[in-house]
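Step one of this worksheet: look at the structure below.
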Amino acid sequence: MEHLMEYYVDQWKSIIANCLNELAFQKELKDAYLSSQDIIAEKPPRPEFGDIGFPMFSYAKQFRMPPARIAAEVANVCNIKTDTEKPIWPGTVKTAGPYINIYLDKKYVANYVLENAEKEFWESSPLFNGRRIMIEFSCPNTNKPLHLGHLRNNVLGESLSRIMKEAGAEVKKVNLINDRGIHICKSMLAYLAYGEGRTPEDEGLKSDHFVGKYYVLFNRLKDEDPSAEEKAQELLQKWEAGDADVIALWEKMNNWAVEGIMATYRRQKVSFDEFDFEHETYKLGKEEVLEGLARGIFYRAEDGSIQVDLEDIGLGKKVLLRKDGTSIYITQDIGTAIMRYNRWPFHELVYVVASEQQYHFKVLFEVLRRLGYNWAENLYHLSYGLVNLPSGRMKTREGTVVDADDLIDELTRLAANEIADKRREEAVGDIKDVAEQVALGALHYFLLQVSPAKDMLYNPEQSISFTGDTGPYIQYMGARASSILRKYKNGEGNANQGKINVSLIVSDSDWSLMRLLIEFPHTIEQSAKNKDPSILAAYTHQLASEFSVWYRDNPVLNNDNPDISASRLAFVIAIRETLRRASNLLCIPFLDAM
RNA sequence: GCGUUCGUAGCUCAGCUGGAUAGAGCGACGGACUUCGAAUCCGUAGGCCGCAGGUUCGAGUCCUGCCGGACGCACCA
């Protein structure tokens, strides 16, 4: 089953094409043949112009007529044609100057929406059917806890995964834990210097925060011991050599870090299908590079390192393997990509990684292409911008990094205060839990609302606000819809004595919402196609906002007419369901009460 | 310097891939609660869409140049 809006538009495109061809035939214009793909459809800017618009400008040349006249004549042909061959999805054809506008049959659409509110209308889109899409995101270092930047990464990856899945794809979420390297050795060194064998429990710290504390302490160590950097390097070499003591310490601290990070994932409600660990993958790719060297794709530089020359496409020269034969970042990424493809041949692999690594991914993709992997065409770097705060940029050294757990704590506290202020304790039940769901809704919506490519400003106060363009606002509207249903189920109102009659929900204000509902699948496809949850975020806010206006003007249960009650109730069910689905795709917890 | 990217209301952001009078939210000002939750809603004010060219019937959207910001240009990740 095609989606309603798509189906409508495609159908009308082909009708308009037929009518244009008919007109061309009548005018004996032989070269004017058009297929439905040539027809440009548009969403009219105002409701008076109907539901689908077709501008006629571009046909003026071949028809040698002014656009307005083409519109008039085509509309004529259409009206005759639709009389004889009735479209499956009915509508009325009108003109407005150079535009042909289609007015959909409101009763027909209303009937469709109500009948399918919880059924196939909401089924996943066919756009990505059968597509295997791998999405890599998060990829934390295990020397410190997650911060605000990771939260944007996580929610982008998680939301995009859900959207792609909703659009029909088979999605595999993967995470590569960076659990080795010089940064971890720094935490280890500082722990050796100041830790005195203590554990996170001893200090009452979440385990990843405990590790992070020693990473910060490394700066102090550097001041006290000028050779600290060198010692960290030594530690890394010992680690690579398999020194038992070093490995044991690494395992201990690494587990603490990973354990804490996983706890944050659970809290943020993001999850992964597969984890890879750098300590297992960091040597991958070396053979590939050596083989590329043997095949003459790469070359050995004078200093002994193996490099690739990408000057011809403006990417310069890039080292792929150190002169001592050891792997670097890009070496292992080459190996990891190949391993992943062999393990699960994907149609597309999306890397959700900050924009600062754009160059890296260009090189990586090009190297894989030159190695002859044709699937390298299907690698995609979803580059996203930095998250800044109203107070300025986050900097580790200045201690202005916003910790992920602390931020969620703070947002939760603010939400709990609000619940208390509004005297909603009894209605919500578990305040702490609901407050945290509101905190997540606030955080996630705010982070997703901005197009990924852009740097953004995160304003915690504004994000948690219950009015305006925020997550809690969307949650509130969902809760209001739920509240109406709850009252109905408790026997309030007389909807159960009425019969659903679609002609009772075709007013202008009904129609505005109805149209939004049928655009939901199309919006998901747009989001999936563009890999951009912000499109869906904007849609969801609009849906919530229009529902807010609608329920103020259209009493559902408080209505003398049982048929109106029943019909509006069915409508509320459809709206609530859409809001619930949309919220879920945006990682905004749906709440029945807040 | 080179590359990538962004520049839209006082602030934070949209603008459906080139179409009809450029939209939201916040903030400001003014209104609406004996009626399904006022954590809401309505109204008003606020714009040479960074600047200048170009393509087009038509440009916030595409191409070029300039200006301004961000991020890259490691045998770090």
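Every chain is numbered from 1, with letters handed out A, B, ... down the list of sequences.
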Within 45° cone and under 6.0 Å: A/R180 NZ/CZ vs A/Y282 ring: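 The answer is yes, since A/R180 meets both limits relative to A/Y282.
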
Pair A/W12 + A/Y103: ring centers closer than 6.0 Å: no

By nearest atom, which of the nucleotides [options] is closest to the [X] side chain?
| X | options | answer |
| --- | --- | --- |
| A/N141 | B/A77, B/C36, B/G19 | B/A77 |
| A/H183 | B/A77, B/A14, B/A39 | B/A77 |
| A/E418 | B/A39, B/C36, B/G19 | B/A39 |
| A/P44 | B/A20, B/C16, B/C71 | B/A20 |
| A/I419 | B/A39, B/C16, B/A77 | B/A39 |
| A/Y329 | B/A39, B/G19, B/A77 | B/A77 |

Base versus backbone protein contacts along nucleotides 3-13 of chain B [heavy-atom cut-off under 4.0 Å; B, S, -]: -S-SS----SS

Identity of whatever pairs with [N] - Watson-Crick or G-U, under 3.5 angstrom:
| N | result |
| --- | --- |
| B/C36 | none |
| B/G23 | B/C13 |
| B/G60 | none |
| B/G1 | B/C73 |
| B/G18 | none |

Report the relative orientation of the aromatic rings in [X] and [Y]; use parallel for angles under 30°, tilted for 30 to 60°, perpendicular for over 60°.
| X | Y | value |
| --- | --- | --- |
| A/F571 | A/W550 | perpendicular |
| A/W239 | A/W250 | perpendicular |
| A/F57 | A/Y99 | perpendicular |

Euclidean distance for P, B/C62 against B/C6 (whole angstrom):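 The answer is 9 Å between these two P atoms.
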
Position toward the 5' end of RNA chain B (nearest nucleotide), A/F57 or A/Y359: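 Nearest-nucleotide comparison on RNA chain B picks A/F57.
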
Ring-base stacking, A/Y473 with B/A39 (5.5 Å, 30° cut-offs): no

Any A/R180 side-chain N or O less than 4.0 Å from OP1/OP2 of B/A77: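 Answer yes for this pair, as a side-chain N or O of A/R180 is under 4.0 Å from OP1 or OP2.
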
Euclidean distance, atom CG of residue A/L310 to atom P of B/A74 [Å, nearest integer]: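 The distance from CG of A/L310 to P of B/A74 comes to 13 Å, rounded to the nearest Å.
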
Distance in angstrom units between A/D324 CG and B/A74 C1', rounded: 15 Å

Heavy-atom donor-acceptor pair, A/N143 side-chain to B/A77 base, under 3.5 Å: no

